[in-house]
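A short write-up of the structure that comes next.
Sequence lines set the chain letters: A, B, ... in the order given, protein chains first and strands last, and positions in each chain run from 1.
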Number of protein chains: 2
Amino acid sequence: MVAKPQTPSIRMVAERAGVSVATVSNVLNGKTSVSPDFAERVTRAVRELGYVVDIGASRLRSGKAALVGVVVPDLANSMFASFVSTLEHAARQGGFDIVVVSARNDPAEEADRLSNIRSWRPAGLIVIPCDGALAERLPEGHAIPTVVADRIPDIAGFDLVAVDNGPAAGKIARHLGETGARTGLVVGTSLSISNVRERWEGVLAAGGSCAFEMLEVGFDAPDHLAPLAERLVGAARPDALFALDHTTSLALYRLVGELGLRIPQDIAYASFDEMEWMRLVAPPLTAVRQPVEAMAEEAWTLLSKRMAGDHGASITRRLTCAVEMRGSTGPREASRRSEAA
Amino acid sequence: MVAKPQTPSIRMVAERAGVSVATVSNVLNGKTSVSPDFAERVTRAVRELGYVVDIGASRLRSGKAALVGVVVPDLANSMFASFVSTLEHAARQGGFDIVVVSARNDPAEEADRLSNIRSWRPAGLIVIPCDGALAERLPEGHAIPTVVADRIPDIAGFDLVAVDNGPAAGKIARHLGETGARTGLVVGTSLSISNVRERWEGVLAAGGSCAFEMLEVGFDAPDHLAPLAERLVGAARPDALFALDHTTSLALYRLVGELGLRIPQDIAYASFDEMEWMRLVAPPLTAVRQPVEAMAEEAWTLLSKRMAGDHGASITRRLTCAVEMRGSTGPREASRRSEAA
DNA sequence: ATGAAAGCGCTAACAG
DNA sequence: CTGTTAGCGCTTTCAT
């Protein structure tokens with residue numbers, strides 16, 4: 001029977017270096033000063049053993065957690081993936097790791113994850129709620145520093161970072177009117193999501209010469225788009241379409257193609273949430289680009305302050321979206337790629 | 001001074017229920033049987049206090065970790081995001097949470113993350129290495145159950161799940177020849193990545209009537225595509241382009257558009273890695289679709305077995321890609337959307 | 001069926 | 001500057 005390889009502990013390092021465990025800890029954490037000689041012996045023992053601290057045990061004793069929880073509605077959604085990616089990097093800079101959980105757009109699952117994640121005793125939480133009803137999913141005396149991002153919850157007391165949904169959507173709405181649309185159909189997943197709601201309200205508040213109507217299609221858009229198809233072939237076909245989120249936009253754009261409608265000649269098209277492909281299709285799509293990276297960085301900044309002990313009043317940040325007007329909303333020029341075909 | 005709200009510990013639960021901490025633990029873990037009366041009292045105390053176990057302390061004592069580490073080259077890449085998303089769900093089903101780290105395509109960062117993640121004493125690791133040289137980034141006696149995915153490392157002893165890169169790429173190569181291409185340019189990030197290498201070798205092995213050449217453009221493709229542009233405008237312009245990964249494909253497709261080349265009339269176009277947008281552009285792109293979800297699920301299955309104590313010989317799984325022939329590789333029919341324009 | 005006590009790996013407090 | 005000791009929250013013997 002060979003000696004089974006065991007994860008080295010601080011005690012093994014201490015023994016090998018011929019010092020006490022406290023000295024090892026001091027060398028590693030640099031709190032108390034240690035003589036160069038001892039420090040060197042410890043460093044070598046650490047290297048030889050391939051020792052890395054057990055960060056869980058460390059937290060247990062010190063009370064300092066190096067973990068933050070991240071809860072998103074859907075990791076497969078590239079917007080949220082990008083958010084998490086930026087967050088992960090910012091967190092690492094600060095010496096934190098992240099535990100990521102996806103609620104899969106299911107409020108019940110979100111509640112479950114939110115409860116479960118507390119088991120890790122994270123130093124903080126960053127949450128993009130999957131709908132407005134976050135309050136009922138947090139435990140009574142929720143004491144973990146928490147930042148909510150992207151969507152506005154039904155609960156105060158947390159820092160919040162989101163984008164200027166209303167004004168950005170309003171710009172699109174006015175632009176559609178200015179480029180000749182008189183009737184517009186706005187399509188989104190659900191008004192129960194605050195940013196979809198804000199966008200729709202932004203459209204309504206925009207005024208302008210185009211009359212808009214709103215349609216909710218839910219999260220599995222491809223299945224729910226059938227009734228919409230009828231609206232697009234009938235005589236009452238709107239002059240313009242405005243998709244309020246990426247998921248919807250993808251499905252809606254495909255539907256428009258399947259119906260053989262030409263953009264922008266037959267119907268103008270705009271989207272909230274810009275993805276790479278929107279600049280590659282012909283004509284390229286008018287879209288609102290959200291500052292996802294900036295949102296993640298701001299969320300991290302806010303959380304850092306809270307984790308550092310800031311107990312000031314909760315802060316709300318609204319970041320500005322970029323609105324990109326492109327060929328899909330006219331003027332009636334065909335794009336290069338289309339001309340070529 | 002109000003009583004500061006404190007995270008409830010098992011001791012508080014025990015006191016409130018009027019039982020010992022051992023009994024609380026027994027109720028929660030269901031190991032030993034507990035009288036209905038006591039069980040009920042504990043359950044209520046848990047509910048009233050909003051207690052959730054400290055999973056770190058639990059691991060410390062029991063040695064059972066409920067955490068697995070996931071290391072990917074780039075979380076912002078939608079393929080990897082999708083991988084992580086599927087993984088996260090599978091892990092949750094098994095009662096595990098995941099710590100996610102991104103190497104940002106940087107081997108040095110990967111080494112750092114790989115070392116750092118051991119601090120969490122994870123029960124297992126799932127790694128998509130950012131290049132082939134994984135061996136030198138793992139500590140000497142790496143004892144954590146580990147599954148490598150997507151790319152083949154320079155080190156044996158780990159379970160591996162990847163796709164049939166060579167055969168799938170070969171199919172594309174033959175198809176390009178069959179649709180009339182005599183010269184083809186294959187473009188990818190770097191041959192140092194095993195799957196890119198396998199794809200290129202698959203092209204070479206395919207035979208067929210088209211002569212291929214390979215070009216490496218690195219990871220920040222947009223910057224490195226300039227020399228490529230010259231190849232595409234000169235007299236020696238190839239008949240076909242084949243991008244070996246998503247990042248490259250996105251940049252390359254954009255370049256083709258900017259140069260005003262028509263697909264497939266001026267040049268045929270195919271891509272390894274299928275993304276949504278490839279079906280939305282005109283003409284839709286011929287592409288190899290990787291079974292990312294299946295790969296993640298298989299990786300989890302393999303890891304589960306290892307974590308359960310299976311010490312059998314390491315396993316390699318090759319999943320089959322779907323190859324979708326579309327308009328971008330001819331025959332010389334314009335797509336519907338193009339016809340309309 | 002229940003509880004007392006030990007100890008996982010670590011750091012903080014204190015003694016020397 | 002260094003070592004000893006206690007104890008974080010939990011699970012696991014081992015008594016009772």
Side-chain angles (χ1 to χ4, degrees), chain A residues 4 6-43 45-46 49-67 95 116 118-123 143-144, chain B residues 4 6-43 45-46 49-67 95 116 118-123 143-144:
Chain A
K4 69 174 170 185
Q6 206 186 331
T7 313
S9 72
I10 196 172
R11 186 154 14 222
M12 298 180 196
V13 176
E15 275 165 18
R16 183 167 192 117
V19 301
S20 74
V21 293
T23 300
V24 176
S25 178
N26 284 332
V27 170
L28 262 35
N29 299 314
K31 295 275 186 180
T32 314
S33 64
V34 178
S35 76
D37 174 38
F38 272 44
E40 150 66 11
R41 275 152 66 191
V42 168
T43 312
V46 164
L49 256 36
Y51 171 77
V52 288
V53 67
D54 183 325
I55 210 169
S58 170
R59 187 221 71 203
L60 200 56
R61 178 63 234 242
S62 73
K64 274 119 174 59
L67 192 71
N116 186 78
R118 296 173 56 224
S119 277
W120 293 105
R121 302 290 188 268
I144 308 171
Chain B
K4 68 174 171 185
Q6 207 187 330
T7 313
S9 72
I10 195 174
R11 184 153 16 219
M12 297 181 198
V13 175
E15 275 166 18
R16 182 167 193 119
V19 301
S20 73
V21 293
T23 299
V24 176
S25 178
N26 284 332
V27 170
L28 262 34
N29 299 314
K31 296 273 186 182
T32 315
S33 65
V34 178
S35 76
D37 174 38
F38 274 45
E40 149 65 11
R41 274 154 64 190
V42 168
T43 312
V46 165
L49 256 39
Y51 171 77
V52 289
V53 67
D54 183 326
I55 211 169
S58 169
R59 189 221 71 204
L60 198 57
R61 178 64 234 244
S62 73
K64 274 118 174 58
L67 192 70
N116 186 77
R118 296 172 58 225
S119 279
W120 293 105
R121 302 293 188 267
I144 308 170

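- Formation of a donor-acceptor pair under 3.5 Å by the A/Ser58 side chain with backbone atoms of A/Asp54 is not found in this model.
- Along DNA chain D, the nucleotide nearest to B/Val52 and the one nearest to B/Thr32 differ in position, and the one closer to the 5' end is contacted by B/Val52.
- When the P atom of C/dA12 is taken as reference, atom CG of A/Leu28 falls 12 Å away, rounded to whole Å.
- Set against C/dG3, C/dA6, C/dC10, the side chain of B/Val19 has C/dG3 as its closest nucleotide.
- Here C/dA13 presents its C1' atom at 12 Å from CG of A/Asn26, a figure rounded to the nearest Å.
- Rounding to whole angstrom units, CE of residue B/Met12 and P of D/dC8 are separated by 10 Å.
- Comparing D/dG3, C/dC10, C/dC8 by their nearest atom to the side chain of A/Phe38 picks out D/dG3.
- Contact check, B/Thr23 against C/dA1: no side-chain N or O comes under 4.0 Å of OP1 or OP2.
- Across the protein-nucleic acid pair, B/Ile10 atom CD1 and C/dT2 atom C1' stand 14 Å apart, rounded to whole Å.
- Which of D/dT11, C/dC10, C/dA1 sits closest to the side chain of B/Ser25 comes down to D/dT11.
- In this structure, the separation between CG on A/Asn26 and OG on A/Ser20 is 7.5 Å, given to the nearest 0.5 Å.
- A pairwise comparison of heavy atoms in B/Arg59 and B/Lys64 identifies CG-O, 3.4 Å as the closest pair.
- Taking atom CZ of A/Arg41 as the reference point, atom C1' of D/dG3 lies 13 Å away to the nearest angstrom.
- Toward the 5' end of DNA chain C, the nearer of the two residues B/Gly18 and B/Arg59, judged by each one's closest nucleotide, is B/Gly18.
- Put simply, B/Asn29 has a side-chain N or O that comes within less than 4.0 Å of OP1 or OP2 on D/dT11.
- You'll find that the side chain of B/Ala22 is closest to D/dT12, out of D/dC10, D/dT12, C/dG9.
- Between B/Lys31 atom NZ and C/dG3 atom P there is a gap of 20 Å when expressed in whole angstrom units.
- Straight-line distance from the CZ atom of B/Arg61 to the C1' atom of C/dA6: 7 Å, rounded to whole Å.
- At whole-Å resolution of the value, CG in B/Leu49 and P in D/dG9 are 13 Å apart.
- Residue B/Ser58 has no polar side-chain atom (N or O) positioned under 4.0 Å from OP1 or OP2 of D/dG9.
- Here the shortest heavy-atom pairing between B/Leu49 and B/Pro8 reads O-CG, 3.5 Å.
- Counting non-hydrogen atoms under 4.0 angstrom, A/Arg11 reaches the backbone sugars and phosphates but no base.
- For the atom pair B/Thr23 OG1 and B/Leu28 CG, the distance stands at 11.5 Å (nearest 0.5 Å).
- Note on B/Ser62: every side-chain N or O is 4.0 Å or more away from OP1 and OP2 of D/dT11.
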